[in-house]
Participant: 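Dropping the structure in here first, questions after.
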Amino acid sequence: MIKKVKRNIFKNFFLPIEKEEAWLNDMCKKGYALKEISNSYYLFEACTPSKFIYRIEFLKQGGSQEEKNNYLAFMEELNVEYVASTNRWHYFRRDAGLGAFEIYSDIDSQIEHYQRINFIWWILAMIFLYSGLSSNILLRGTDIFEIILNTVLVLIGVFFLILAFPLTKKIYFLKKKKKLLQ
């Protein structure tokens, strides 16, 4: 049996990765294993409840196809199955009977992972804030449309800051934890 669940692109793009993983694992507990992601839908197939553990990874940009293939082969050696990908987000699962499954088992890899994601949020925040604020500050006497547009750009920039701050805090605490363990 195939179950199709609408994928809200906006929500999923900005949803913290841990929440999406928890939702996928909850679906599996209910007997639905993620099969693929296509055309704005998650496609699930029936499975034994709690058969898999799902993890999502945000891969580095600019890696060659050979590097990606080598990484997927490495994951396969660890009995981890590649399920789907959308942009740089890759979805993996492993049989729950094999025990706990973490992609980022050490602090350094966790820090690197969160920094890759956070870099994007900070860049987008700065682009939108700069675009909105520089126009408002430099162009006095602009018409109402430009004021509204610039205000929207600033609000979008603030939205990306709201996404960036918790990850920045998480990275800070992981670095602090790393220092304590040394």
Side-chain angles (χ1 to χ4, degrees), residues 5-27 34 36-42 53-65 67-68 71-72 74-75 80 82-93 101-139 145-182:
V5 177
K6 180 86 171 129
R7 186 170 192 268
N8 182 328
I9 301 298
F10 182 78
K11 180 181 172 188
N12 287 100
F13 185 71
F14 302 113
L15 184 72
I17 192 170
E18 293 86 359
K19 288 184 180 181
E20 187 176 7
E21 280 182 355
W23 178 73
L24 289 171
N25 285 308
D26 188 52
M27 289 295 288
L34 180 67
E36 66 180 88
I37 299 172
S38 68
N39 299 328
S40 302
Y41 286 94
Y42 291 100
I53 298 171
Y54 287 88
R55 295 288 175 244
I56 304 169
E57 182 171 15
F58 188 67
L59 293 182
K60 296 176 188 172
Q61 185 174 1
S64 69
Q65 187 62 40
E67 288 174 329
K68 181 181 173 185
Y71 181 73
L72 294 176
F74 168 73
M75 293 298 274
V80 174
Y82 166 79
V83 179
S85 67
T86 177
N87 298 321
R88 289 169 50 195
W89 298 98
H90 289 61
Y91 295 72
F92 296 96
R93 71 182 179 194
F101 168 41
E102 295 294 333
I103 291 179
Y104 305 107
S105 55
D106 64 290
I107 292 176
D108 287 330
S109 62
Q110 290 174 17
I111 291 169
E112 184 182 335
H113 171 70
Y114 289 124
Q115 284 177 332
R116 279 195 304 268
I117 298 168
N118 209 27
F119 178 76
I120 292 170
W121 298 151
W122 279 106
I123 292 295
L124 290 171
M126 294 304 116
I127 289 170
F128 282 102
L129 288 171
Y130 177 78
S131 297
L133 291 174
S134 66
S135 295
N136 278 339
I137 292 169
L138 297 175
L139 301 174
F145 174 76
E146 288 181 30
I147 292 171
I148 292 171
L149 176 65
N150 291 331
T151 302
V152 169
L153 291 173
V154 169
L155 290 174
I156 293 170
V158 169
F159 173 75
F160 284 114
L161 283 177
I162 290 169
L163 292 173
F165 282 133
L167 277 181
T168 301
K169 189 175 179 181
K170 187 178 281 193
I171 292 165
Y172 170 79
F173 284 115
L174 284 169
K175 286 180 176 179
K176 194 173 180 180
K177 182 178 177 181
K178 180 182 172 183
K179 276 187 177 181
L180 291 173
L181 294 175
Q182 290 177 343

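Everything quoted here is computed from the prediction, not taken from an experiment. Below, each value reflects all heavy atoms present in this structure, side chains not excepted, and no hydrogens, waters or symmetry copies.
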Participant: If we only count heavy atoms from C-beta on, is the Q115 to I171 side-chain gap below 4.5 Å?
Facilitator: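 Heavy-atom side-chain distance check passes, below 4.5 Å.
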Participant: Can a donor-acceptor pair be found, under 3.5 Å and without considering hydrogens, that links the side chain of N150 to the backbone of E146?
Facilitator: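 Yes: the side chain of N150 pairs with the backbone of E146.
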Participant: Locate the shortest heavy-atom distance separating R116 from Y104; write the atom from each residue and the value.
Facilitator: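 That closest heavy-atom pairing would be NH2-OH, 3.4 Å.
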Participant: Could you tell me whether the side chain of M27 reaches within less than 4.5 Å of the side chain of L34, counting heavy atoms only?
Facilitator: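 Counting from C-beta outward, L34 and M27 never come under 4.5 Å.
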Participant: How many angstroms lie between CD in Q110 and CD1 in I103, if you round to the nearest 0.5 Å?
Facilitator: 11.5 Å
Participant: Let me see the working for L153 and Y130 under side-chain contact (heavy atoms from CB on, under 4.5 Å), right down to the final yes or no.
Facilitator: CA-CA 9 Å; L153 291 173; Y130 177 78; over 6 Å; no
Participant: Are W23 and Y42 close enough, and set up right, to give a ring pair (Phe, Tyr, Trp, His ring centres under 6.0 Å), and what steps lead you there?
Facilitator: CA-CA 12 Å; W23 178 73; Y42 291 100; 4.8 Å; yes
Participant: Less than 4.0 Å between a side-chain N and a carboxylate O, is that true for E18 and R55?
Facilitator: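 Judged by the 4.0 Å cut-off on N to carboxylate O distance, R55 and E18 do not form a salt bridge.
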Participant: Rounded to the nearest 0.5 Å, what separation is found between the CG atom of L181 and the NZ atom of K176?
Facilitator: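 It comes to 13.0 Å.
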Participant: Could you go through I56 and E20, starting from their C-alpha distance and side-chain angles, then the distance that decides it, and tell me whether this counts as side-chain contact (heavy atoms from CB on, under 4.5 Å)?
Facilitator: CA-CA 8 Å; I56 304 169; E20 187 176 7; 3.7 Å; yes
Participant: Which heavy atom of A125 sits nearest to which heavy atom of G157, and what is that distance?
Facilitator: CB-O, 3.6 Å
Participant: If you measure from CG on L24 to NZ on K19, what distance do you get to the nearest 0.5 Å?
Facilitator: 14.5 Å
Participant: For the pair V80 and R93, evaluate side-chain contact (heavy atoms from CB on, under 4.5 Å) and give the outcome as yes or no after the intermediate values.
Facilitator: CA-CA 6 Å; V80 174; R93 71 182 179 194; over 6 Å; no
Participant: At what distance, to the nearest 0.5 angstrom, does CG of L174 lie from NZ of K179?
Facilitator: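 Atom-to-atom, L174:CG and K179:NZ are 13.5 Å apart.
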Participant: Does the side chain of W122 pick up a donor-acceptor pair with the side chain of T168 at under 3.5 Å?
Facilitator: yes
Participant: Report yes or no: do E57 and Y71 form a side-chain donor-acceptor pair below 3.5 Å?
Facilitator: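 The answer is yes; a qualifying pair exists.
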Participant: Heavy atoms, side chains only, cut-off 4.5 Å: are L72 and F92 in contact?
Facilitator: yes
Participant: Could you state the interatomic distance from CD1 (I107) to CD (E112), rounded to the nearest 0.5 Å?
Facilitator: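 Here the rounded value is 14.0 Å.
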Participant: Is any side-chain heavy atom of Y82 less than 4.5 Å from a side-chain heavy atom of M75?
Facilitator: no
Participant: Any side-chain heavy atom of L161 within less than 4.5 Å of one from M126?
Facilitator: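 In contact.
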Participant: Would you compute the distance between atom CZ of F119 and atom CG of L124 and round it to the nearest 0.5 angstrom?
Facilitator: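 The CG atom of L124 is 9.5 Å from CZ of F119, to the nearest 0.5 Å.
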Participant: Less than 4.5 Å apart, side chain to side chain, heavy atoms only: is that true for I123 and F128?
Facilitator: no
Participant: With heavy-atom distances below 4.5 Å as the criterion, would you say the side chains of E36 and V83 are in contact?
Facilitator: no
Participant: Measure the shortest side-chain to side-chain distance between E21 and Y54 over non-hydrogen atoms and say whether it is less than 4.5 angstrom.
Facilitator: no
Participant: Are I120 and F160 close enough, and set up right, to give a side-chain contact (heavy atoms from CB on, under 4.5 Å), and what steps lead you there?
Facilitator: CA-CA 9 Å; I120 292 170; F160 284 114; over 6 Å; no
